[in-house]
Enquirer: 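The structure that follows is given in the form of structure tokens.
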Amino acid sequence: MMTYKGISASPGIAIGRAFLYDNSLNLQIEKREIASFDIEVERLKEAILKSKKEILDIRNKTLEKLGEEKAQIFDAHVLLLEDPEILSQVKSMMSADRVSPEWALEQVTQNFINIFEAMDDEYMKERASDIKDVFNRVKRHLLGMKNMDLSLLEEEIILVAHDLTPSETATMNKDSVLGFLTNIGGRTSHSAIMARTMEIPAVVGVSNITDIVKEDDLIVFDGEEGKVYINPSKEILDQFKQRKEQLNSHKVELEKFIGMKSLTADNKEIEIAGNIGQLQDLDSFERNDAESVGLYRTEFLFMDREQTPTEEEQYQVYSKIVQRLNGKECIFRTLDIGGDKKLPYLNIAHEENPFLGYRAIRICLDNKELFKSQLRAILRTSEIGPIGIMFPMISNLEELLEAKSVLSEAQNELISEGKKIRDNISIGMMIEIPSSALLSDIFAKHVDFFSIGTNDLTQYTCAVDRMNEKISHLYDPFNPGLLRLIEIVSKAASENKVKLAMCGSMAHDELLVPLFIAMGFDELSMSPMHVLPTRKLISKLSTDSCKNLLSQVMKMGSSKEIIKELKKYKELI
Ligand code: PEP
Ligand code: MG
């Protein structure tokens, strides 16, 4: 039995057999002389045929799950697979140099890849990875290796990968992926956030787990604790099975809170909202009885495609969400791209510090047409149901005022086009940057609500890259400096009668929630899976005792001391 520690990314107990998902695009291919050209060409044709079948299968599944536009990516892959120029070059090399098809394919495709990679156009550069993707599939068939697409997984497995992109996570089949482990990544990477939304247990940043784990190894882990056991002893396995059962009965206990208001022990109501990134997340939102959408991360709609979605395309998606919410409010967070979320088609130059770089509102204010088309699409949904709009990454007053003026322009345009827009759309901003927290009394005069994005506020306050597992111990939600900033915002909100919300991961932290009750938060927004545990926790808290706790904690200077005090309090309730 071996144990490894990683970063808890999504809670839950996972027990299953390892499936190594090799998404590294480079395969090792040795030069091999061939005996018969004809036999080898047959092998090549067979490998291409198998690949084509697989790609068409992925196309169909993508069509069902994600729609026609995403499915078309795979039409282009089939065309590439059958490209006459590539095939004829491969065959001539095989016959002239008597080399194997996998070797010839490697040389020929590498040439094309080099050509595309050298192009200035970001879109054309991306075509290089399509070529790698398609022909690596063929090469794997030639080498007798498994080709796998996450959407096609049917067996129940624990997925082990170097890293996973948000779209890979989104296309996972949750009935078969019982959990996943990755070498790299942090708690607030977007794969981790998606895993929590999809309720798939996950541990990330487990160093070189892909080198350690072997296919079919038995793996057990607790996503909450971040500890991974490979081929555990019977004793550990039994413990995990028991814990899984306990978790199930805990779930039954939590289900009693479905349909109830979120009230403290002294009957103070607080709204527990859900964070979503796509329409499908509303399944978990509904199952867990979230009261509204406190954060809709709209950028996922812009990712994994080849160009910006048009206003109409955006409207189609946004309106489905507002419709399905059936009267519950949806807070749209405007495009928050940059950082770990890239959009190749925007041609953003390489940056040394993307989280401190060209990101979110900075990109939108620099691309007003893009920004305005999103705002127009969002505003149009207000006819269907209650909505709010908030701007991410605001770092100074000018940015907020400029964003609001683009919003007014969009609003006026729509009105002059005769479109109906609701009057009472709430306008807010995210507080994710220390300068905004410190200036919140000024901002409060210009917004209806604040939503504290603690994932970023923690990284910017503690100067810790949220994706860097080496320094994850410094990414500290209990850092007293961070708590002071949050308290400053809470005071500015209550003095100016601005609604106060939080939508980062701290919002569901069972040790911190009492502090947020004491600070007077009106709304806590979280991955839907945390809604019921938080509602249950709040039902045990009384505002006065939370206030006493807050005044104790705010005098403390070390997070260790704070954690100790918060744990002591938790044991008493
Ligand atoms: C945050 O920063 O806390 C937040 C909610 O935004 P995101 O995690 O999408 O950056
Ligand atoms: Mg953020």
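Just so you know, ligand 1 is whichever comes first in the structure, and atom 1 is the first atom listed for that ligand. Side chains included, hydrogens not; waters and symmetry mates left out as well; all remaining heavy atoms used. Starting from 1, each residue takes its place in the sequence as its number.
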Enquirer: Measure M506 to ligand 1 on non-hydrogen atoms and call it side chain, backbone, both or neither using the 4.0 Å cut-off.
Expert: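 The answer is neither; M506 stays 4.0 Å or more away.
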Enquirer: For ligand 1, which atoms sit closer than 4.0 Å to a heavy atom of L295?
Expert: 5 (C)
Enquirer: With sequence neighbours left out, write down each residue that passes ring pair (Phe, Tyr, Trp, His ring centres under 6.0 Å) with F332, or none if nothing qualifies.
Expert: Y296, Y318
Enquirer: Between N275 and ligand 1, find which residue part has any heavy-atom pair under 4.0 Å and reply side chain, backbone, both or neither.
Expert: neither
Enquirer: Would you find more than 12 non-hydrogen atoms of other residues, nucleotides or ligands less than 6.0 Å from K5 atom NZ?
Expert: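 Counting other residues, nucleotides and ligands, NZ of K5 exceeds 12 neighbours.
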Enquirer: Can you name the nearest heavy-atom pair linking A410 to R376, along with the distance?
Expert: CB-CG, 3.8 Å
Enquirer: Tell me the closest heavy-atom pair linking F443 and F450, and the distance in Å.
Expert: CB-CE2, 3.8 Å
Enquirer: If you count heavy atoms of other groups shown closer than 6.0 angstrom to NZ of K470, is the number above 12?
Expert: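 Atom NZ in K470 is not crowded, with 12 or fewer foreign heavy atoms closer than 6.0 Å.
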Enquirer: When you look at NZ of K567, are more than 12 heavy atoms from neighbouring residues, nucleotides or ligands closer to it than 6.0 Å?
Expert: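 Result for NZ/K567: open.
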Enquirer: Is the backbone of H446 close enough, under 3.5 Å, to the side chain of K404 for a donor and an acceptor to pair up by distance?
Expert: yes
Enquirer: Between T454, N455, D456, which one has a non-hydrogen atom sitting closest to atom 10 (O) of ligand 1?
Expert: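 Among T454, N455, D456, the closest heavy atom to atom 10 (O) of ligand 1 comes from D456.
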Enquirer: Identify the two heavy atoms, one from A403 and one from F371, that lie closest to each other, and give their separation to 0.1 Å.
Expert: CA-CE2, 4.0 Å
Enquirer: Would you check whether M430 reaches within less than 4.0 Å of ligand 1, judged by its heavy atoms?
Expert: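 Heavy atoms of M430 do come under 4.0 Å of ligand 1.
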Enquirer: Within a distance under 4.0 Å of any heavy atom of R297, pick out the atoms of ligand 1 and give their elements.
Expert: 4 (C), 5 (C), 6 (O), 7 (P), 8 (O), 9 (O)
Enquirer: Passes side chain to side chain contact (heavy atoms under 4.5 Å, CB included), I427 versus F391? Steps please.
Expert: CA-CA 8 Å; I427 307 301; F391 305 113; 4.0 Å; yes
Enquirer: By number and element, which atoms of ligand 1 are closer than 4.0 Å to a non-hydrogen atom of R466?
Expert: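 Selected atoms, number and element: 2 (O), 7 (P), 8 (O), 10 (O).
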Enquirer: Do T210 and N183 have side-chain atoms, one donor and one acceptor, less than 3.5 Å apart?
Expert: yes
Enquirer: Kindly say whether L549 contributes a backbone atom to a donor-acceptor pair with the side chain of E565 at under 3.5 angstrom?
Expert: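 Not confirmed, E565 side chain does not pair with L549 backbone.
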Enquirer: Side chain, backbone, both or neither: which part of M526 comes within less than 4.0 Å of ligand 1 when only heavy atoms are counted?
Expert: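 The answer is neither.
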Enquirer: At less than 4.0 angstrom from any non-hydrogen atom of K341, what atoms of ligand 1 do you find?
Expert: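 Close to K341: 9 (O).
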Enquirer: Between R359 and ligand 1, which residue portion shows a heavy-atom distance shorter than 4.0 Å: side chain, backbone, both, or neither?
Expert: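 The answer is the side chain.
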Enquirer: Out of all atoms in ligand 1, which are within 4.0 Å of some heavy atom of R333? Include the element for each.
Expert: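 What qualifies from ligand 1 is 6 (O), 7 (P), 9 (O).
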Enquirer: Is the closest heavy-atom distance from M502 to ligand 1 below 4.0 Å?
Expert: no
Enquirer: May I ask you to establish whether R535 and F257 are in a cation-pi arrangement, using a distance under 6.0 Å from NZ or CZ to the six-membered ring centre and at most 45° from the ring axis?
Expert: no
Enquirer: At distances under 2.8 Å, what protein N, O or S atoms surround the Mg ion (ligand 2)?
Expert: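 Those protein N, O or S atoms (cut-off: under 2.8 Å from the Mg ion (ligand 2)) are E432 OE2, D456 OD2.
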Enquirer: For ligand 1, which atoms have a heavy atom of G453 less than 4.0 angstrom away?
Expert: 1 (C), 2 (O), 3 (O)
